[in-house]
2 protein chains.
Amino acid sequence: MKRPTPPAAAADVPTVFVVDDDEELRLALGNLFGSVGLEVKLFDSAASFLRGVPQDTPGCLVLDVRLPGVSGLEFQGQLARAHAQIPIIFMTGHGDIPMSVQAMKAGAIDFLAKPFRDQDMLDAVTLAIETDRTRRARTQASSDVRDRFETLSPREREVMTLVTRGLMNKQVAGDLGLSEITVKLYRGQAMRKMGAASLADLVRMASLLSLHGDPPK
Amino acid sequence: MKRPTPPAAAADVPTVFVVDDDEELRLALGNLFGSVGLEVKLFDSAASFLRGVPQDTPGCLVLDVRLPGVSGLEFQGQLARAHAQIPIIFMTGHGDIPMSVQAMKAGAIDFLAKPFRDQDMLDAVTLAIETDRTRRARTQASSDVRDRFETLSPREREVMTLVTRGLMNKQVAGDLGLSEITVKLYRGQAMRKMGAASLADLVRMASLLSLHGDPPK
DNA sequence: GTGCGCCCTATACTTTGGTATGGAAGATCG
DNA sequence: CGATCTTCCATACCAAAGTATAGGGCGCAC
């Protein structure tokens, strides 16, 4: 199994991660977010952020575009490639339009030019955290199902796939070269292991797992 | 019924709609898009675009931010409110970062500062058209299902809802105060009218219709 | 080897699902 | 008023799904 079921029950209080090499601004942002009751962690570079945040804490990232080492935009790309889906809010002192557009295309929540108004930053962070919360809820729901699916034996998986496609037991049997009674057996086991109370449930799980195609977008 | 089933078979050749008050640029863009085999229509204002494009032609909108009358950004908002989901590519000569960010947040495909490279514009348009094509395919698939769902009688709809939720016929009967045989009757009729070959199909249609909740995002 | 899990089947039986046919009551519309 | 639609039920019957019990063969790990 991948996820150790109780993943250390990561503190689910949302945290704002600030990455900026300007200490003064860092502290100012720390105060700003602290003043509205948010948890904050400050970093002076992308590298130290990576070092300091191995766990999967919910929250968002407030990132300066110009950083020592990799730029903010490059860092965004790295995170994306690593499938780290933390919402990002950019700040910049010397940005231009193409830069902001690139960041937004890559999924940034916002892109603020310095100096920005405190309220704009707070609004962006609020939205980012809400976004992260929603995404996490969805992700976990589907990964629960995925975990259960992985406990199925190969045959059980095949049967589940065909059954949720709408085939009758005898058709599944034909396709897999089995007898109908065997299909019934695996079908029942799949239902039990997946925790599906009905075929309808199982079909929805199959959808979540994209067993047939991705249409549900 | 809403959609008259055969909706005049709208020409499905993608069209680039250009809205800019600078005639010189309009013509240049017309040539550019024409040279790669795209259909193009040119407009000098948002109003004339609205007048000239009542149908739902697939394609994308290349829009100047600064326009006579409403601004490009306002126009984007208007289209969104009117549920016109045509992908938009902005152009601007005097834009700034907040402007571009606002446009991107509102779903613009790209935001190009003038002067831009022809290739950048073509890339953006290609992506926009692909986006529109995908969205249309999805939309139509679900609206077909929706049309069929509307031909169901109220009872048939109720039965379909409960059945696809995973209830057994007898449970549905109990919930609705019917006899089981009646439920079977409506269930069968619903399947036929919806064109579902199996319960699994029906469940997927129910998902598309959000009969139980929106989870599938 | 012994145990265990997966794979597969069979017999036997119950419960659901699904269809067909027929009939009855109320609503709506031309 | 008759046509049509929706709603509802019954009887009858068959197909499919689901469960239980009992087996045998295979591969892997202890």
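So that the names make sense, note that chain A is the first sequence line, chain B the second, and so on, each numbered from 1.
- Nearest-nucleotide positions on DNA chain D for A:Glu180 and B:Glu156 put B:Glu156 closer to the 5' end.
- Within a 6.0 Å sphere centred on CZ of B:Arg157, heavy atoms belonging to other residues, nucleotides or ligands number more than 12.
- In this structure, A:Leu202 places its CG atom 10 Å from P of D:dG18, rounding to the nearest Å.
- B:Leu178 comes within contact range of the sugar-phosphate backbone alone, with a heavy-atom separation under 4.0 Å but no base atom that close.
- Here C:dT19 presents its P atom at 12 Å from CG of B:Leu199, a figure rounded to the nearest Å.
- Nearest nucleotide to the side chain of A:Ile181, out of D:dT19, D:dA16, D:dT7: D:dT19.
- One finds a salt bridge joining B:Asp132 and B:Arg136 here, because a Lys/Arg side-chain nitrogen approaches an Asp/Glu carboxylate oxygen to under 4.0 Å.
- Between B:Lys184 atom NZ and D:dA10 atom P there is a gap of 12 Å when expressed in whole angstrom units.
- A salt bridge does not link A:Arg26 to A:Asp44: none of the charged nitrogens lies less than 4.0 Å from a carboxylate oxygen.
- Between the CD atom of A:Gln189 and the P atom of C:dG5 there is a distance of 12 Å, rounded to whole Å.
- Here the side chain of B:Thr182 is nearest to one of D:dA17, D:dC9, C:dT19, namely D:dC9.
- Checking the phosphate oxygens (OP1, OP2) of D:dC8, a side-chain nitrogen or oxygen of B:Tyr186 falls inside 4.0 Å.
- B:Leu167 has its CG atom 20 Å from the P atom of C:dT15, to the nearest Å.
- We find that CE of A:Met191 is positioned 9 Å from C1' of D:dG18, with the value rounded to whole Å.
- Between A:Lys193 and A:Leu185, the residue whose closest nucleotide on DNA chain C is further toward the 5' end is A:Lys193.
- At D:dG18, one or more side-chain N or O atoms of A:Arg187 fall inside 4.0 Å of OP1 or OP2 (strictly under the cut-off).
- In this entry the distance linking CZ of B:Arg155 with P of C:dG26 reads 16 Å, nearest Å.
- Between A:Ser153 and C:dC7 there is a side-chain polar atom (N or O) within less than 4.0 angstrom of OP1 or OP2.
- For B:Asn169, the side-chain atoms get nearest to C:dG17 when compared with the rest of D:dA17, C:dG17, D:dT6.
- A donor and an acceptor atom, one from each side chain of B:Thr182 and B:Ser179, are located under 3.5 Å apart.
- An OP1 or OP2 oxygen of D:dC9 is reached within less than 4.0 angstrom by a side-chain nitrogen or oxygen of B:Ser179.
- The nucleotide whose nearest atom lies closest to any side-chain atom of A:Lys170 is, among C:dC7, D:dC8, D:dA16, D:dA16.
- For A:Gln140, the CD atom sits in a loose shell: 12 or fewer heavy atoms of surrounding residues, nucleotides or ligands are nearer than 6.0 Å.
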